[in-house]
There are 2 protein chains.
Amino acid sequence: MTETEDFDTQTTKEKIFTAAVRLFAERGFHGTSIRELAREVGIKESSVYNHFPGKNAIMQAILDYHRQGFQTASEELTKSDLPFDDTTDPVEFWMMGAAEFLKHQPPLSQQISIILTNEMYLNKQCRKFFLDTMFDIQKVLTENILREMYSRGMIIDCDFRKTAEQYVYFIQGISIETNLMLMDGKNEAERQQHLFEHIALFIGRLKKQ
Amino acid sequence: MTETEDFDTQTTKEKIFTAAVRLFAERGFHGTSIRELAREVGIKESSVYNHFPGKNAIMQAILDYHRQGFQTASEELTKSDLPFDDTTDPVEFWMMGAAEFLKHQPPLSQQISIILTNEMYLNKQCRKFFLDTMFDIQKVLTENILREMYSRGMIIDCDFRKTAEQYVYFIQGISIETNLMLMDGKNEAERQQHLFEHIALFIGRLKKQ
DNA sequence: GTCTATAATCTGATAGAC
DNA sequence: GTCTATCAGATTATAGAC
């Protein structure tokens, strides 16, 4: 399950997959029936079983897809060399890193994050997955960048682990609020601006005086 | 729906209510059937309809209950006078406030928060409710306390609104992680300690030098 | 206010023709 | 790989006896 191209060029299995991601995010796993999913794709429900052995297997495929995409994105970010010199502002530097991270996010990742949030308290597998990707991996990534910035003299000395944790928690909260507001028609550019201001405030507190 | 006493002293309606809160939190709204709910209470499913016109009405009752309880708790916190003098540490002061806030939380509030998280992306009413209680009200409360602390000379001058927002986002994130870990058997005292350390770090950054 | 009985619909999943 | 037909069970909800 690697392609996410235009609907017309997708195989039936891929169509089922992308439709499932959308419907699970919109109506929840339990709130989506195989019937509905098949109708969305334009096939009969029995045909769905030619591609996936059942509903749970579709969810499993979504988790596998996301795990792989997230891991790749994390590795890309770690490999990437962000330009900087002695005059680079830490906030500016951080924004570049954040943009780089977002750039490497796999397609559908936003919808899958919503599915994970819907299911994290209900499904043990989703819970573990959420803890791994949304917290653990992001904490490590953030801590590494903070250490890098410190070694370059961009920020003050501090508890890098705890500061990274705090950043990840904060991003979790602001992301939820943004997702909710966007669903209710809130202006996207406005929320982007809100996020940037908050990141600037957070990183700004770590700036060397 | 105001009582949450022992199971034996509850009316049937209250039993249905508390059982619904537990089941909706554990299995989700769509994942809980009236049949299951009735069995939990010890009555037949048709009897449930003598107390609530339908499944959605039960969810509605849960939201109404939580709205009222949350509002009362917020007002109590605003009214409460926390002891302090010139030597009171801002972190210590904040911890007292946090304890006071938790003390006034209505029963079932933790489970209802989980229900809200499960449903916020699926149910417009839950979404609005979540934004109101989990973000808006808590932001105002937090900002007011920060201003109070500033006027008492306990913390530095800063953007109180944005700092309050950042605190609320951060608490959202850490609460989710804690809930998930507790469900998987993580030690509760350990998580409490983790939370306290993080709050101390956050408030400590605002301390006057 | 509880029960039995039942309606009407939806559910995930399978068998077998083409 | 798609379809028609069908299953067995679950779902919300109602009618009416007690």
Side-chain angles (χ1 to χ4, degrees), chain A residues 1-3 5-63 115 118-119 122-126, chain B residues 1-3 5-63 115 118-119 122-126:
Chain A
M1 200 63 56
T2 53
E3 309 203 20
E5 302 146 34
D6 286 349
F7 197 77
D8 295 336
T9 67
Q10 288 181 317
T11 66
T12 303
K13 185 168 187 173
E14 287 163 351
K15 284 182 191 173
I16 294 171
F17 181 85
T18 53
V21 169
R22 197 171 63 75
L23 289 174
F24 287 175
E26 274 177 18
R27 313 181 188 190
F29 178 73
H30 279 98
T32 304
S33 66
I34 302 278
R35 241 185 204 52
E36 249 175 328
L37 180 55
R39 183 156 39 81
E40 195 78 4
V41 175
I43 59 176
K44 295 295 174 184
E45 52 179 319
S46 57
S47 298
V48 173
Y49 291 91
N50 269 317
H51 303 281
F52 294 97
K55 204 177 163 185
N56 284 321
I58 301 177
M59 176 63 99
Q60 188 62 56
I62 292 173
L63 294 185
I115 296 174
N118 289 340
E119 298 296 320
L122 310 176
N123 179 323
K124 185 159 185 169
Q125 211 177 349
C126 286
Chain B
M1 201 62 55
T2 52
E3 308 202 21
E5 302 147 36
D6 286 347
F7 197 76
D8 295 335
T9 68
Q10 289 181 318
T11 66
T12 303
K13 185 167 186 174
E14 287 163 352
K15 284 183 192 171
I16 295 170
F17 181 85
T18 53
V21 169
R22 196 170 63 74
L23 289 174
F24 288 176
E26 274 177 19
R27 315 181 187 189
F29 178 74
H30 279 98
T32 304
S33 65
I34 301 279
R35 233 196 251 321
E36 251 175 327
L37 181 54
R39 182 156 40 80
E40 195 79 5
V41 175
I43 56 175
K44 295 295 173 184
E45 52 180 316
S46 56
S47 298
V48 173
Y49 292 91
N50 267 318
H51 304 281
F52 295 96
K55 205 175 161 185
N56 284 320
I58 300 178
M59 176 64 99
Q60 187 61 54
I62 293 173
L63 294 185
I115 297 174
N118 288 341
E119 297 295 321
L122 309 176
N123 178 322
K124 185 160 184 171
Q125 212 177 348
C126 287

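Residue numbering restarts at 1 for every chain, and letters A, B, ... go by the order of the sequence lines.
Proximity note for His51(A) (side chain, C-beta onward) versus dG1(D), dT12(D), dA13(C): the nearest is dG1(D).
One interatomic measurement links the two molecules: CD1 of Ile34(B) to C1' of dT14(D), which rounds to 13 Å at whole-angstrom precision. A straight line from CG of Leu37(B) to C1' of dA10(D) spans 16 Å, rounded to a whole angstrom. Between the CD1 atom of Ile16(A) and the C1' atom of dG1(D) there is a distance of 11 Å, given to the nearest Å. When the P atom of dT11(C) is taken as reference, atom NE2 of His30(B) falls 10 Å away, rounded to whole Å. Rounded to whole Å, atom P of dA10(D) lies 15 Å from atom NZ of Lys55(B).
Within the structure, the salt bridge (Lys or Arg N to Asp or Glu O under 4.0 Å) test picks out the following pairs touching residues 41-52 of chain A (sequence neighbours left out): Arg35(A)-Glu45(A).
Scanning all heavy atoms of the two residues, the minimum distance from Leu23(A) to Leu37(A) falls at CD1-CA, 3.8 Å.
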Report the C-alpha distance between Phe29(A) and Lys55(A) in whole Å, list the side-chain angles of each, state the deciding distance to 0.1 Å, and finish with yes or no for side chain to side chain contact (heavy atoms under 4.5 Å, CB included). CA-CA 9 Å; Phe29(A) 178 73; Lys55(A) 204 177 163 185; 3.8 Å; yes
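Between Thr12(B) and Asn56(A), it is Thr12(B) whose nearest contact on DNA chain C lies nearer the 5' terminus. If Gly31(A) and Gly42(B) are placed on DNA chain C by their nearest nucleotide, the residue sitting closer to the 5' end is Gly42(B).
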All N/O pairs under 3.5 Å across the protein-nucleotides 4-9 of chain C interface:
unit_1: dT4(C); atom_1: O4; unit_2: Ser46(B); atom_2: OG; d: 2.9

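Listed by chain and residue number, Gln60(A) satisfy the side chain to side chain donor-acceptor pair (under 3.5 Å) test with Gln125(A) (two or more places apart in sequence, or in another chain).
Using a 4.5 Å heavy-atom cutoff, the side chains of Phe24(A) and Ile58(A) are in contact. For the pair Val48(B) and Val41(B), the minimum side-chain heavy-atom distance is 4.5 Å or more.
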